[in-house]
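Heads up, the thing below is written out as structure tokens.
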Amino acid sequence: MADLSKLSIAPDQRDLRQQHQSIAPLQFRKKRMMTVDITSEFFVAASALDTGQLVKDEHFTLFEAVGALEIMDPKMDSGLLPSGESVEHDYDVLKELLPGEVIGIMDQILCFEMTWHMGHPLSQSLFTSAYIDRLLWPDPKTLEQARFERDKTPGPGNELLHLVLRAYCLGLIKTCDFVRRSIMSEQYYEEEDFVVSLYHRKLLDDFGLADISMKLEDAMAYVARKTDLMDLPFREALLNRLEFRKMLLSAVQLDGFLDHQRARLWEGCLELIPMLSQTNKLGLPSEKSFSIKIQRKLASSVPPRPIVKISFDEALARLSGICQNGRDAYRVLESHSGTHLMTFVLTYQSRKPQPLVYIRCLLQSLVFSEMRVLGTMTLKQLLYDDFEELVLPADVLVDPTNCDIEAPQDPRFQISKRMDAFATKAANAEGVDIELRVYTKEEPIREVSAPNKVMWSFPLSSWAYYYKLRQMEWTVQMGFELEVYQVDELAGMYWYLHHLASTRLQHIERIRTFSTHRLKRIAKPSFKQKTSFRRSFSFLDFATLEASAIQSFAEGLSCLFSFLAYLGLIPAPYHPLPYSTPALRYSLRVRPFLSVSLPEVPSYPEFASRVSLHTPERDAGDPSHRTPLTKIETNDQASSILDVADQALKAARKDWESISKAKAETARCVGCEDWWRTSVKNVVRACITANIMIATSKKAISNAASKDVRDILKVELVKSNELYHAWWMVPRISAK
Amino acid sequence: MDDTRATEYLQTLLNKKLCVYTNDSRMFYGDFKCTDNECNIILSQSYEYREPTPNAVRAAAESSSGASSTATLKVDMTSRFLGLIVVPGQYITKIEVDGL
């Protein structure tokens, strides 16, 4: 493109050029473009400008100018070469390879693939491989062009490179293409979770799965046939790698099919991983085949950054994780209602270690794609089914035939219209409920004592309120998991969780009252109606048990932390700071909920009176000023709150044990039963531990006699990842 | 050149394609957007070009070794997209304007 003959070049490079002239006379030719040298005019004109004066395009702003990359600045200019360094990475990708070297390279690029999954950019992983670079650049127009020789006509021989390694690389690149596209089509959480940038390269996206699979098959056939070429272990190692790649490629393909067949492919990958691990030792390192220098060829605004390296064992551990989670994700298809689906998604996503971005996106695509939930239900069906299960068993409102009524004056038509409006907006549920009453001819409940006082069921607002409460509980619990709260806030936050769970309990009772009322009014319920009511009541029963279990456990821990705070056994809140008061700290903590009008956030005075015993500020921090607490003093208040904690935790244990015995269908955990049980078992363990801690505390107090309890009890707070369950922060209490 | 004429001259170049050569034998090709009295040049939509590396030249020479020793060799410069850049005046060795 440019006229190179006029290029000013440094003396050492001139030497190089003379060197080449001995090989063949070089002549740089101008291509089409006509350019005019304006060096001196430009310099003269520019230097005539005043200091600070700019000549600029009127649409070009200085704001934009700030974002320009500065050439020759080592921090910004990715093309700047340290003196004496050549831009090119001098590795010969065409050299003959030993079988061991091929294995080494395959395993190395698999490590790169995994670091990319872990969130590192391709420029610091896969794109540093000379082999991958050669296949992808210049951009191949056909699959045949994606080969190591590029311009040259491929000669015979060197099949290990041209047939085997190439097929493996193509398969791996295409796997990355599918993975990247599936992530791009879903919502992933944070940018730092995954880097989608390709630096103006393509990942063979124009070429189909079948062609690339065929290359892998050809390679396998070659290795299987050439018995004389290498020893059996090498052949098997290569075959395993090719087969693994082929299977993984099929497992990640995007064809929109939702079936368990896919899960079997993931299982197949999983079975091959031990073989990969065993034969890794046959690989010879090929350190020279990858280099950060290749980054200078990428369209990137950042200077070369180090290659991210992980061990092959770590890569395989990640890979197993992906394969296991990939296989397990398909179990979501067993969920046959919204409540089961909800348990599945919650349980699956909270598995440790957390599933990688690709897996999270895979689950999303299974749950919802192409306007279908789990590939079968429409969103409307899902919502209606959930309305029915929770608040409207066998109700005319959720009757699917409503949608088929054409006559506008027919109440069912009106019902259908209003339900649609609600489902799309999910707003103003109460208004819709009031409108719908007219069409359903709902009979309100009248109290016997006060027949003028009527109660309406408000089914849709009830439904929405239920989920609102549930989400608020989850939000508070998430705070424990993420260790958001300060130690001195734990008593308060567990009290708030307890408060939310009790509110939900009352709400479930309200729903149950109306469903019972409605069932009574059906003279002869049909089988279908009975089934629907039975399903709903079973849900309400289980929800009651679960809410009560959360309520008791939270109350118990709230009291336990209150007790510890009262004794000054856990750090007091911050030292009196000018702008930090308990009320302000509280208002900051509940801020996310302030916009929620119902349930109302308790006012600070109410909150404080509930969590009041611990006024730890009374002798905050300074142990020399503390007033001695003897058995006599603690008996009054601390002991009594410990008794409350004791009772609550005993009740909690009973509830959680009942939950752990529930059938999968009852617990709405079909599809994820085993993980769900593990999680519940961990809560039971946490609950038992809490009970033991209470017993330890009580014993210590009764033995304390005239001694200060603080000199007898020792409290340790446990890190979230060392707890039995991250939502239940049971402290470790022991007698000194 | 007085100040007014200098400004006018530079303004005629705005948004034209410039080739800016630097003393490390690279060339930057992009739309001229801005300059100042130190000859710092801002180019948008720019590409970086580099001389073919010795290896590329050798490879090209080898692949045409059958031809006569006076044969002409064609080797592409390697290029990549950079976007908005500022080339400080102190490193600039040559400026060309494309397609006048």
Side-chain angles (χ1 to χ4, degrees), chain A residues 1-4 6-10 13 16 19-20 23-27 29 33-39 41-57 60 64-65 67-73 78-81 86-88 90 151-152 200 296-301, chain B residues 1-3 6-7 9-11 13-15 19 21-29 33-39 42 48-51 53-58 61 63-64 69-74 77-89 91 93-100:
Chain A
M1 197 169 236
D3 182 358
L4 260 179
K6 290 188 198 159
L7 191 69
S8 68
I9 47 174
Q13 278 157 327
L16 275 176
Q19 222 178 320
H20 301 137
I23 304 168
L26 273 183
Q27 186 190 345
R29 278 228 311 239
M33 198 173 91
M34 290 301 295
T35 58
V36 178
D37 188 341
I38 51 163
T39 317
E41 293 95 312
F42 198 105
F43 269 102
V44 170
S47 52
L49 299 176
D50 295 331
T51 309
Q53 187 190 347
L54 296 176
V55 174
K56 66 172 197 68
D57 171 33
F60 183 74
E64 281 177 87
L69 291 169
E70 186 169 332
I71 297 305
M72 298 292 179
D73 176 341
S78 56
L80 180 62
L81 293 176
S86 76
V87 67
E88 196 173 74
D90 53 353
D151 304 338
K152 283 192 217 163
H200 275 218
R296 288 220 170 82
K297 293 168 68 183
L298 303 173
S300 160
S301 51
Chain B
M1 208 185 273
D2 65 44
D3 184 27
T7 315
Y9 171 69
L10 291 171
Q11 267 164 349
L13 294 172
L14 285 172
N15 290 312
C19 302
Y21 294 76
T22 51
N23 61 3
D24 65 344
S25 70
R26 277 186 291 168
M27 187 269 275
F28 300 91
Y29 178 77
K33 287 289 170 191
C34 182
T35 193
D36 62 3
N37 79 327
E38 287 175 0
C39 205
I42 296 184
E48 172 199 66
Y49 288 82
R50 234 178 241 284
E51 274 188 283
T53 58
N55 278 340
V57 175
R58 198 178 302 125
S63 64
S64 68
S69 62
T70 54
T72 310
L73 260 185
K74 252 170 73 183
M77 291 180 95
T78 54
S79 75
R80 65 179 181 141
F81 180 73
L82 284 183
L84 187 66
I85 57 166
V86 50
V87 189
Y91 305 111
T93 55
K94 190 163 82 165
I95 305 166
E96 288 174 341
V97 61
D98 181 7
L100 267 183

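Since the structure is predicted, the reported quantities are computational estimates derived from the model, not experimental observations. By convention in this document, chain letters (A, B, ...) are assigned in the order of the sequence lines, proteins followed by strands, and residues within each chain are numbered from 1.
In this structure, the portion of B/Tyr91 lying under 4.5 Å from any heavy atom of chain A is its side chain and not its backbone. With a 4.5 Å cut-off on non-hydrogen atoms, B/Gln11 touches chain A through its backbone and its side chain both. If you measure heavy-atom distances from A/Phe42 to chain B, the contacts under 4.5 Å come from both the backbone and the side chain. Both the backbone and the side chain of B/Leu10 come within contact range of chain A, each with at least one heavy atom under 4.5 Å from a heavy atom of that chain. Both the backbone and the side chain of B/Ile95 come within contact range of chain A, with heavy atoms under 4.5 Å apart.
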Going by atom type alone, with no hydrogens or angles, which donor-acceptor pairs under 3.5 Å involve a side-chain atom of residues 45-53 of chain A and a protein atom two or more places apart or on another chain?
{"from": "A/Ser47", "atom 1": "OG", "to": "A/Phe43", "atom 2": "O", "distance (Å)": "2.9"}
{"from": "A/Ser47", "atom 1": "OG", "to": "A/Val44", "atom 2": "O", "distance (Å)": "3.0"}
{"from": "A/Gln53", "atom 1": "OE1", "to": "A/Asp50", "atom 2": "N", "distance (Å)": "3.0"}

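B/Glu38 pairs by the side chain to side chain contact (heavy atoms under 4.5 Å, CB included) definition with B/Asp36, B/Asn40, not counting sequence neighbours.
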From CA spacing to verdict: side chain to side chain contact (heavy atoms under 4.5 Å, CB included), B/Met27, B/Thr22: CA-CA 6 Å; B/Met27 187 269 275; B/Thr22 51; over 6 Å; no
A/Ile38 and B/Tyr9: CA distance, side-chain angles, deciding distance, side chain to side chain contact (heavy atoms under 4.5 Å, CB included) verdict: CA-CA 11 Å; A/Ile38 51 163; B/Tyr9 171 69; 3.6 Å; yes
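Taking the six-membered ring for Trp and thresholds of 30 and 60 degrees, B/Tyr49 and B/Tyr29 have ring planes more than 60 degrees apart, a perpendicular arrangement.
Your options are A/Met72, A/Glu64, A/Glu70, and the one with the most heavy-atom pairs under 4.5 Å with chain B is A/Met72.
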